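Keep in mind it's a predicted model, so treat the numbers as computed, not measured.
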Amino acid sequence: MKKTFKNNIIQFLILLIFVLLLHISLGYILRFFYVLTFTAFLLCLSGRVKKIYSICIILLSIIGAIYTPIGLKYGSPNINSVISFFYTNTNETLEFIQTLSPINLMFSFLIILFGLLSLKVSIVIKNKSSLFIIFIFIMTSITWPIKDLINNGTYNFEAKLPILRFFSDIKKYYDTVKIENEWINKELNKKDNWQPINNSQYNNYILVIGESVRRDFMQSYGFSIKNTPFLEKSPVIQFDNYISAAPSTLFSLPPSLTLKNKNTNNIELQNNIITLAKKAGLNTYWFSNQGSMIGSDSVISTIGKRADSYHFLSKGDYHNNGLTTDNDLLTDIKRALFSGKKTNLIVIHLIGSHSQACARTQDKYDEFFQSTEISCYIQSIKNTDKLLEDIVSMSKKTGKSWSLLYLSDHGVSYEHKGESYAKLSHDDKFKQNFEVPLFILSSDSKEKIHVTERRNGRYFMSIFSEWTSIQEPQIPNHCHMISNDICSDQNTVINFQKEEINYNLLPEDKIN
């Protein structure tokens, strides 16, 4: 009798630990009541319907082990993680696996281990006890939907039990993504309604969109390592307080490169920088080292394909696992600069400093700082600085006037800070996820100018209009953006949940 009781206790503890690890891996707030409820429910299954129990344990082990790196870093499923999950290609998956920390791997291993041990659990619970446990499990799942039905007259199944909520959230965000994709395709088929007045001052406008660069890792913004020597010595207009619209490419670039409808606040994808420039009479180019077919980049690449001439180095892949470098774009850029067309807009979309940074630099770096991955990140910024120097050098050789604007789409923040395997990755919790560089350098620039007032990527269309001298009545012009004038509404940014938040309220993620 004592042996049986001891054996049951051991089995219960094994299953309890498995469920506890599973709840943590899915990224929800840990509530021990839910852990006990689901553990008890599985115990009921183990002694009565062993096949169903075993299938549940195997499936939950696989899901928990796979989702652990996402859950520990980004939390429970949200629209950003669901989009990444459904539209990530093989190369991105391989790069993501290579960046997993020992903690991620250990946690996934423990879930698999306790999942295997849980397969041997078999405790027969009396009928009345089983019915009571199942009743508690069901009530845990449907209490809130019923409350919503009573209060609002609508029944929306949104379980609070993390195991069920995980699947519910994925379904909810998948439906959202599907609806948004349908809306995107519909919007992009519309014709633009621009009515621009073109007062362009330069022959070549070169817009370089960087990737994942936070400005405090740049020499030009005070970083200790000299990784932006070209920008540092050039007579640029340097924006010291520019923030991105959002903390990821998917959420940041569309509102930056397109017009926002004043009545609905929705972005008008057909009214973008390419269609504006074309309508104003500029010849347009789009050269990208990011994919042309991957879902998470579909809006950006589709805007790019509106250009008169475009080229994506990584066809079908997001960043091709380092097989192409940003320097490979120089041939296309040179062709555009020497095209003989009077006025051009050349948009260059870099892979820049995207994680995994060492894949961008072929595992090379000039100076070690904190960790190998961060050293590669710093080197990737230096490589971009050299690329900008090369573009300017080619622009000078054309004998034509030119103006170059460089910015990054979003910033990054530390992961495993202080560890030997520390790295920088996407997040939405810190100021540095939004703090990015922006520089303007022109053929007639004489001295370095600092714009210290806050500027927001949500108003980049206004900056673009002012930079190119293409005026359009629909583009907000209430403030002189390329100046130190104080402009209103510059603090609101978008997080991973697509919620508007106040940038000023975010904490810091400083280098040291």
Side-chain angles (χ1 to χ4, degrees), residues 194-202 204-210 213 215 218 220-221 231 234-246 251-262 265 267-268 271-277 279-280 282 303 345-347 402-411 431 434-494 500 502-504:
W194 294 121
Q195 295 180 334
I197 299 173
N198 185 1
N199 295 308
S200 299
Q201 300 175 26
Y202 301 99
N204 290 317
Y205 288 91
I206 308 156
L207 172 60
V208 183
I209 303 172
V213 178
R215 61 172 174 258
M218 301 178 74
S220 297
Y221 290 94
L231 289 172
S234 299
V236 297
I237 300 175
Q238 177 174 317
F239 287 70
D240 294 330
N241 205 1
Y242 182 82
I243 56 176
S244 61
F251 291 164
S252 179
L253 287 187
S256 296
L257 304 182
T258 61
L259 181 69
K260 185 171 76 171
N261 188 293
K262 294 179 181 179
N265 281 329
I267 59 176
E268 298 179 352
N271 290 327
N272 54 67
I273 60 169
I274 293 295
T275 55
L276 175 64
K279 205 68 168 285
L282 277 69
I303 291 174
L345 170 67
I346 305 169
V347 181
W402 53 270
S403 184
L404 180 146
L405 189 155
Y406 166 75
L407 80 162
S408 179
D409 55 356
H410 60 82
K431 284 186 169 71
F434 302 88
E435 293 180 350
V436 295
L438 194 154
F439 297 92
I440 297 175
L441 177 63
S442 304
S443 54
D444 57 353
S445 297
K446 302 299 182 185
E447 60 180 353
K448 180 169 287 189
I449 299 172
H450 289 267
V451 176
T452 57
E453 289 298 325
R454 174 74 45 78
R455 297 293 182 260
N456 192 309
R458 291 164 56 243
Y459 287 96
F460 181 75
M461 283 299 295
S462 299
I463 296 176
F464 181 83
S465 173
E466 195 170 321
W467 171 55
T468 58
S469 299
I470 300 175
Q471 298 175 347
E472 215 289 334
Q474 299 177 81
I475 298 176
N477 60 357
H478 62 281
C479 188
H480 182 18
M481 303 298 284
I482 307 177
S483 75
N484 276 304
D485 291 354
I486 298 174
C487 300
S488 61
D489 192 28
Q490 299 296 311
N491 298 319
T492 301
V493 292
I494 308 297
E500 291 188 350
N502 189 336
Y503 159 85
N504 290 328

* To do: Answer with yes or no whether the side chains of H480 and D485 bring together a donor and an acceptor at under 3.5 Å.
  => no
* Check the pair D409 / V213 against side-chain contact (heavy atoms from CB on, under 4.5 Å), numbers first and verdict last. => CA-CA 8 Å; D409 55 356; V213 178; over 6 Å; no
* To do: Could you tell me which residues satisfy side chain to side chain donor-acceptor pair (under 3.5 Å) with S488, sequence neighbours excluded, listed by chain and number?
  => none
* Asked: Taking atom types as modelled and ignoring hydrogens, do the side chains of T452 and N241 form a donor-acceptor contact shorter than 3.5 angstrom?
  -> no
* Structure fact -> Those residues at least two apart in sequence (or on a different chain) that pass side chain to side chain donor-acceptor pair (under 3.5 Å) with S403 are S442, W467
* **All side-chain contact (heavy atoms from CB on, under 4.5 Å) counterparts of Q195, not counting sequence neighbours** => E472
* Structure fact -> For R458, the side chain to side chain donor-acceptor pair (under 3.5 Å) test, sequence neighbours excluded, returns D489
* To do: Measure the spacing between CD of Q471 and CG of L276 and express it to the nearest 0.5 Å.
  => 11.0 Å
* For the residue pair Q238 and D240, confirm or rule out a side-chain donor-acceptor distance under 3.5 Å. => yes
* Applying side chain to side chain donor-acceptor pair (under 3.5 Å), name anything that partners Q490, two or more places apart in sequence or on another chain. => none
* Asked: Under the side-chain contact (heavy atoms from CB on, under 4.5 Å) test, which residues partner T258, sequence neighbours left out?
  -> I267, L269, N272, I303
* To do: Not counting sequence neighbours, which residues clear side-chain contact (heavy atoms from CB on, under 4.5 Å) with V436? List them please.
  => Y242, S244, S408
* **Partner residues of K279 under the salt bridge (Lys or Arg N to Asp or Glu O under 4.0 Å) criterion, sequence neighbours left out** => D192
* Asked: With A246, which residues qualify under side-chain contact (heavy atoms from CB on, under 4.5 Å), at least two apart?
  -> F251, S252, I494
* Asked: Sequence neighbours excluded, which residues qualify as ring-ring contact (aromatic ring centres under 6.0 Å, His included) partners of Y202?
  -> Y205
* **Interatomic distance, I346 atom CD1 to L404 atom CG [nearest 0.5 angstrom]** => 9.5 Å
* **Approximate separation, where rounding is to 0.5 Å, of F460 CZ and L438 CG** => 6.5 Å
* How many angstroms lie between CD1 in I440 and CD1 in I237, if you round to the nearest 0.5 Å? -> 5.0 Å
* Residue pairs involving residues 463-492 (criterion disulfide (SG to SG under 2.5 Å); sequence neighbours excluded) -> C479-C487
* Structure fact -> The complete set of salt bridge (charged side-chain N to carboxylate O under 4.0 Å, His left out) pairs with one or both residues in residues 436-454, sequence neighbours excluded, reads none
